[in-house]
Structure formats: C-alpha cells, structure tokens
2 protein chains.
Amino acid sequence: MQFSFRMPVAVQILLCIAKFDGVFKTTSTFLASSVNINPVIIRKTLGQLKAAGLVEVAAGVGGAKLVKEPREITLQEIFNAVEEDEDLFHIQENPNPKCPVGRNIQQVLGNKLSVVKNHMLDDFAKITLADLLNDINTAEESRQ
Amino acid sequence: MQFSFRMPVAVQILLCIAKFDGVFKTTSTFLASSVNINPVIIRKTLGQLKAAGLVEVAAGVGGAKLVKEPREITLQEIFNAVEEDEDLFHIQENPNPKCPVGRNIQQVLGNKLSVVKNHMLDDFAKITLADLLNDINTAEESRQ
DNA sequence: CTCATTGTAATAACATGATTTACAATGAGT
DNA sequence: ACTCATTGTAAATCATGTTATTACAATGAG
C-alpha cells in the first residue's frame, strides 16, 4: 500500500518547468514526455497546481510558469495541491458500538495517527523545490 | 489517497485480544464482530501478526493470545507486520532517460521521501498498544 | 470420534487510479 | 477576423488493488 503517482508527478512537472524555463515551452505534451505519462494527467495536475497558486498556465498559447521561486515552493504545498485532506489510514467506519474497543477505536487511533500525519506534513514543509533542483543538478554532474 | 484498513484492523484485533483476555475466547468470529469485518480477513491478519511474533493462535481449538506485553508492542511492529516494506509513494518507473529531470527523479525524490517514511516509522515506534488501551479505557470512563 | 475453529485458496464484487479519446474554449500570431 | 496549437474537461475504458464471500481440508481439545 502506497500513495499514488500524483505527488511525484506534480514534483516532476514543477522541476521541469523550473529547469527548462526560457529554454523550452513547457506544454503538457512536452512535460508528458519527460514523465512518460498521458498529457491529460499533466493538464489535470497543472490545473491543481494552478488552483494552489504554484503555477500559471497559458491557455491557448500553451506552456506553464512558476508563480513563486523554487525555494519558496515546498513539498507540503505540492502534496496538499494534489491530494485530498484526509486521514492517513482508513479506519473502519462501522465498528461494533456494543464493543468497548469498537466504539472508541476511531477516536483513539485517529488521534494518534493525525499527529503522525502532521509530522509527515512538517517534514514535507522542510523540503523545497530548490532542494530537489539542486539534487538533480548534482546528480547530473556526477554523470560527467 | 490513504492507507488501507489493514493496520487499523490489526490494531483493533490486538486491542480486543488484550481487553478480553481471560473473559472471552477471542475467535476470528468474535473479533470480526467487533471490527465489523469478514472473519476471513481477521484470520489472515492474525496470521500476519503471528508471523511477526506478536500473537499465538490456537488452531483447532480457537482463540488468540498476545505473546508480548501491550507496552512492548509498538505501532511500528504492527504496521510492518501487515504492510509491505515499500516506498511511501509510487514514483514513475519509466521516466524519460533523455530528460535530465526524468533520469534523476527516482533517486532524488526517492531519497527525500525515504527519510520522511523513516520518520513516520519512528513515530509509530513511540506508540504502544498499552497507550491505545489506556486511551480506550479513558474514553470508556468518560462515557460514564 | 466429534465439532468448532483455523488456515488457505479461489472467486467475485467493488473502488480507485491511470489511460485514452474526443472536443469545445482559448488566445497569440498572422 | 481567421488559424492553429494548446488547454480544460468530460466520458469511457482499462488495470490494479482491496475487501467480501464461499468453500473446504487441517487442527486439536474434549
């Protein structure tokens, strides 16, 4: 069980937009070929990133640009842009109300897990697009 | 996108075994009625918990018991018992190798995300079954 | 030997994510 | 105003994973 492609795809989109800014027009087709995914997914994801205030997309003419500096864009913002705001885990919705465990599990376990999720979001907040761009460039250099 | 029922179900199973120890025989049918889930799921989950050394199950006669004290059982052990050891997120497996972003995204983003996952596991390690039992009891008392 | 129960396989039902096709709306360039 | 590549979006389909269900051999105390 793991999270879907969504956040990683969004990250790759943003990295490409940053990396190729001024060099290539970053259309959905162009981005789709980097990620190797369907252009419609790219357009949908770009829409979410636009709604989150991270990019602006030129309808008609095509291409996308970052609205903020890479070091001001965190993984947390990207995650929140493309994922629902929901609990980390499914907890059974209809446990037995006659059982002392069943009738309290949602609240008790839910409380603990929401703390864990908040820590995860805090971790995401510490990782910026600039960090990732930097790592990409370092990795590129080490390929000679 | 969220994790499945598996870990929460395993937690509820263990809580019931601890709570009803010596009072009821905790068969898969009994546990299934607390969680309100199919007994086969319970049996399968109990099998995973047994393999992880957390419970012993009496085949034939029925019923399950904890092998360790509740305060020695952590959410991390439970999580690892029922979930695959895999990355937190899917990262596109076939990105474009001609793109400097595509050919490095797995390594770069994967590194960052594995740190986050380890933090999450550390958080899980700090939560014990005894903590949850205690919270259940407190919640029960406040119902009067 | 009996019988409730576990262990397990196989299948179906269901939900969700990803793919693909299609097409109206957009807007810079001519 | 027209063109045309592109976006935005809906709808249908495919793929995958999770949960539910049925079935039955294996288990082991009484």
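A note on names: the letters A, B, ... follow the listed sequences, proteins ahead of strands, and every chain is numbered from 1. Any value given below was found using the heavy atoms of this structure, including those in side chains, with hydrogens, waters and symmetry copies removed.
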Note to self: Base contacts versus sugar-phosphate-only contacts with protein, heavy atoms under 4.0 Å: please encode nucleotides 15-30 of chain C as B, S and - from 5' to 3'.
What the structure shows: --SSBBBB---BS---

Check: Can you tell me how far C1' of C:dT5 sits from CZ of B:Phe24, to the nearest Å?
Finding: 18 Å

Notebook entry, point to check: Do the side-chain N or O atoms of B:Lys50 get closer than 4.0 angstrom to the phosphate oxygens (OP1, OP2) of C:dG7?
Noted result: yes

Next item on the list: Decide, yes or no, whether a salt bridge links A:Glu83 with A:Arg6 under the criterion of side-chain N to carboxylate O below 4.0 Å.
Entry: yes

Margin query: Does the structure show a Watson-Crick or G-U wobble partner for C:dT19, both distances under 3.5 Å? Name it, or say none.
Written below: D:dA12

Notebook entry, point to check: Should the pair A:Phe3 and A:Phe79 be assigned to parallel (<30°), tilted (30 to 60°) or perpendicular (>60°) ring geometry?
Noted result: perpendicular

Check: For A:Lys25 and D:dA5, what is the distance between atoms NZ and P respectively, to the nearest whole Å?
Finding: 10 Å

Next item on the list: Could you check which nucleotide pairs with D:dA29 in any of the strands shown, counting Watson-Crick or G-U wobble with both distances under 3.5 Å?
Entry: C:dT2

Notebook entry, point to check: Tell me the ring pair (Phe, Tyr, Trp, His ring centres under 6.0 Å) pairs involving residues 23-45 of chain A, sequence neighbours left out?
Noted result: A:Phe20-A:Phe24, A:Phe20-A:Phe30, A:Phe24-A:Phe30

Margin query: Salt bridge check, B:Lys112 against A:Asp123: does any charged N sit closer than 4.0 Å to a carboxylate O?
Written below: no

Check: Rounded to the nearest Å, what distance is computed from the CD atom of residue B:Glu56 to the C1' atom of nucleotide C:dT5?
Finding: 16 Å

Notebook entry, point to check: Nearest-Å distance, CG (A:Leu49) to C1' (D:dG8)?
Noted result: 15 Å

Check: Separation of B:Gln48 atom CD from D:dT18 atom P, in whole Å?
Finding: 11 Å

Check: Tell me: CD1 of B:Ile13 to P of C:dT6, nearest whole Å?
Finding: 11 Å

Next item on the list: Scan side-chain atoms only and decide if B:Gln2 and A:Asp87 contain a donor-acceptor pair under the 3.5 Å cut-off.
Entry: no

Next item on the list: Measure from CD1 on B:Ile42 to P on C:dT5 and round the result to the nearest Å.
Entry: 14 Å

Next item on the list: Measure from the side-chain heavy atoms of B:Val57 and tell me the nearest of C:dG7, D:dT6, D:dG8.
Entry: C:dG7

Next item on the list: Give a yes/no answer on whether the side chain of B:Ser28 brings an N or O atom under 4.0 Å of OP1 or OP2 in C:dT5.
Entry: no

Note to self: Quick one, B:Val57 and B:Val55 - any side-chain contact, counting heavy atoms below 4.5 Å?
What the structure shows: yes

Checklist line | Distance in angstrom units between A:Ile91 CD1 and D:dT19 P, rounded | finding: 13 Å

Next item on the list: Answer whether the closest heavy-atom distance between the side chains of B:Asn36 and A:Gln92 falls below 4.5 Å.
Entry: yes

